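Take a look at the structure set out below.
Values in this document were obtained by computation on a predicted structure and should not be read as measured data.
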Amino acid sequence: MFVSTLRLAIFLFLTTTLASVLELDASNFNDVVLNSDKNTLVKFYASWCSHCSKLEPVWEELATAYEKEPNVQIARINADKHQKVGKQYGINGYPTIKLFKKDDVQHPIEFEGARSVESLTNFISAHTGVKPPSSAPSLVAKLNDLNIEDVVEGKDAFIAVTADWCGHCKKLKPTWQKLADFYQGDSDIVVIGQVQVTDPEPSEWIKDKFQIRSFPTLLYIKNGDLQNAEIYEAPRTLSEFVEFVNERAGTTRAEDGGLHPDAGLLHSLDDLVSKFVGSAKQERVKLANKVTEALNDLKKENKYAKEIRYYTKLINSLVNGPYDFIPREITRLEKMLSENLAPEARDSALFRLNILRYFNSCITPNTYK
């Protein structure tokens with residue numbers, strides 16, 4: 001019993017870490033489906049089945065919709081490879097979808113409706129009474145011929161040009177929505193957008209301008225310059241997208257959507273700041289002018305406004321007091337971050353904490369002399 005429970009725990013950790021859909025096989029089917037005390041919707045598929053491949057983007061989107069619902073899990077098993085499991089449940093065609101209700105796992109209910117997220121959600125709700133947690137409106141900017149210039153003016157924009165009949169576009173959708181969620185705190189710098197060419201809004205100018213021949217086509221617009229769009233051709237994974245946007249927009253997102261530990265730090269000033277913070281009070285007064293001049297030079301680049309303001313605040317505290325502001329503020333922000341904060345509030349706290357921790361690391365025995 002202990003080994004079985006441990007195997008289940010390890011499996012669940014790995015699958016939930018890597019994806020919303022639980023991947024089943026003959027060794028874990030009973031643990032995950034029959035013994036989990038959850039309602040489990042299982043897709044029985046074969047790797048060679050074209051209908052199964054067509055269903056995959058819908059399955060991923062359905063799993064994303066239920067990933068925060070503790071009583072429902074979305075799973076799949078290659079029943080052609082694991083034929084013993086398929087035979088046990090009478091699988092003779094692919095894909096076959098069955099709902100294993102937690103209070104009657106021995107009698108799964110077969111789904112026979114349209115293979116859409118809406119139909120599958122209604123099926124789960126009708127038999128379990130559980131609906132997916134209500135999701136916030138998509139943060140992906142909807143673009144078309146009429147608004148693209150205004151929306152991207154003065155900003156970077158990462159844009160997916162899609163069509164509703166395109167299977168690859170459907171597969172991209174949940175990843176693109178997560179990318180927009182990640183960068184909501186950087187909306188003044190970069191826009192994550194979408195042009196759906198099958199929507200009623202006009203998109204002929206966009207298709208012609210960027211020579212759209214296939215879907216999805218991913219475009220990167222730098223600083224609102226629609227004349228020189230870059231075509232994205234790297235892998236379509238969330239981590240690759242984040243790295244790509246960070247490099248071009250100068251943002252500092254981590255792969256989980258939070259801020260990178262370097263966010264907020266002005267590394268070109270590291271040596272000067274380290275010397276300033278580690279000096280005795282009298283020497284800091286002299287060095288403060290040099291640090292201020294360096295910050296003013298950075299202002300000329302029309303960047304780093306938030307960073308410069310916070311650096312200036314910490315410099316003033318170390319010259320004019322309160323001299324214990326940095327350690328007290330670190331304690332306050334760490335406590336704040338242990339609470340449930342809205343994304344923008346969390347970003348703001350992490351941004352300041354990164355800078356505070358760097359200043360704090362520069363403190364020496366001379367600092368308070």
* Distance, nearest 0.5 Å, that separates NE2 of His82 from CD1 of Ile77 ->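 That separation rounds to 5.5 Å.
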
NZ/NE/NH1/NH2 to OD/OE distance under 4.0 Å, [X] and [Y]:
X: Lys275; Y: Glu283; result: no
X: Arg76; Y: Glu60; result: yes
X: Asp347; Y: Arg253; result: yes
X: Lys290; Y: Glu293; result: no

Taking the side chain as every heavy atom from C-beta outward, state whether [X] and [Y] have any pair of such atoms under 4.5 Å apart.
X: Leu333; Y: Arg352; answer: yes
X: Thr40; Y: Val42; answer: yes
X: Phe359; Y: Ile330; answer: no

* Is it the case that Asp25 and Asn28 place a side-chain donor and acceptor less than 3.5 Å from each other? ->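 Indeed, the side chains of Asp25 and Asn28 share at least one donor-acceptor pair under 3.5 Å.
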
* Asked: Are Thr251 and Asp186 linked by a side-chain donor-acceptor pair shorter than 3.5 Å?
  ->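 Judged by distance alone, the side chains do not pair up.
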
When you measure from the side chain of [X] to the backbone of [Y], do you find a donor-acceptor pair of N or O atoms at a distance under 3.5 Å?
X: Ser274; Y: Asp270; result: no
X: Ser317; Y: Leu314; result: yes
X: Asn354; Y: Arg357; result: no
X: Thr96; Y: Gly93; result: yes
X: Asn246; Y: Glu243; result: no
X: Asp256; Y: Gly258; result: yes
X: Asp145; Y: Lys207; result: no
X: Lys102; Y: Ser36; result: no
X: Thr367; Y: Val277; result: yes
X: Glu329; Y: Ile326; result: no

* Glu339, CD: over 12 other non-hydrogen atoms inside 6.0 angstrom ->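 Count over threshold, so yes.
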
* Asked: So with a 6.0 Å cut-off around CD of Glu201, is the heavy-atom count from everything else above 12?
  ->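 Atom CD in Glu201 is packed in, count exceeds 12.
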
* Asked: Are Phe276 and Tyr311 close enough that their ring centers fall under 6.0 Å?
  ->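 So the answer is no for these two rings.
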
* To do: May I ask you to check whether Phe158 and Tyr232 place their ring centres under 6.0 Å from each other?
  =>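 When the ring centroids of Tyr232 and Phe158 are compared, they turn out to be within the sub-6.0 Å range.
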
I need the minimum non-hydrogen distance between [X] and [Y], along with the two atoms involved.
X: Asn39; Y: Lys101; result: OD1-CA, 3.4 Å
X: Ala349; Y: Met336; result: CB-SD, 4.1 Å
X: Ala79; Y: Gly86; result: CB-CA, 4.2 Å
X: Leu272; Y: Ala294; result: CD2-CB, 4.0 Å
X: His51; Y: Pro95; result: CB-CD, 3.8 Å

* Asked: With sequence neighbours left out, which residue pairs that include part of residues 358-369 fulfil the salt bridge (charged side-chain N to carboxylate O under 4.0 Å, His left out) condition?
  ->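 Not a single pair qualifies under salt bridge (charged side-chain N to carboxylate O under 4.0 Å, His left out).
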
State plainly whether one hydrophobic cluster holds both [X] and [Y], where clusters connect Ile, Leu, Val, Met, Phe, Trp and Tyr through side-chain heavy atoms under 4.5 angstrom apart.
X: Ile91; Y: Leu22; answer: yes
X: Leu353; Y: Leu318; answer: yes
X: Val117; Y: Leu55; answer: yes
X: Ile231; Y: Phe241; answer: no
X: Phe182; Y: Leu259; answer: no

* **Results of salt bridge (Lys or Arg N to Asp or Glu O under 4.0 Å) for Lys300 - residues two or more places apart only** =>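 Scan of Lys300 (salt bridge (Lys or Arg N to Asp or Glu O under 4.0 Å), adjacent residues dropped) gives Asp297.
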
* Asked: So, is the end of the Lys98 side chain (NZ or CZ) under 6.0 Å from the ring centre of Tyr89 and within 45° of the ring's axis?
  ->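 The answer is no, since Lys98 fails at least one limit relative to Tyr89.
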
* By side-chain contact (heavy atoms from CB on, under 4.5 Å) - contacts of Glu230 (at least two apart) ->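 Testing Glu230 for side-chain contact (heavy atoms from CB on, under 4.5 Å), a comparison that skips the adjacent residues, returns Tyr220, Phe244, Arg248.
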
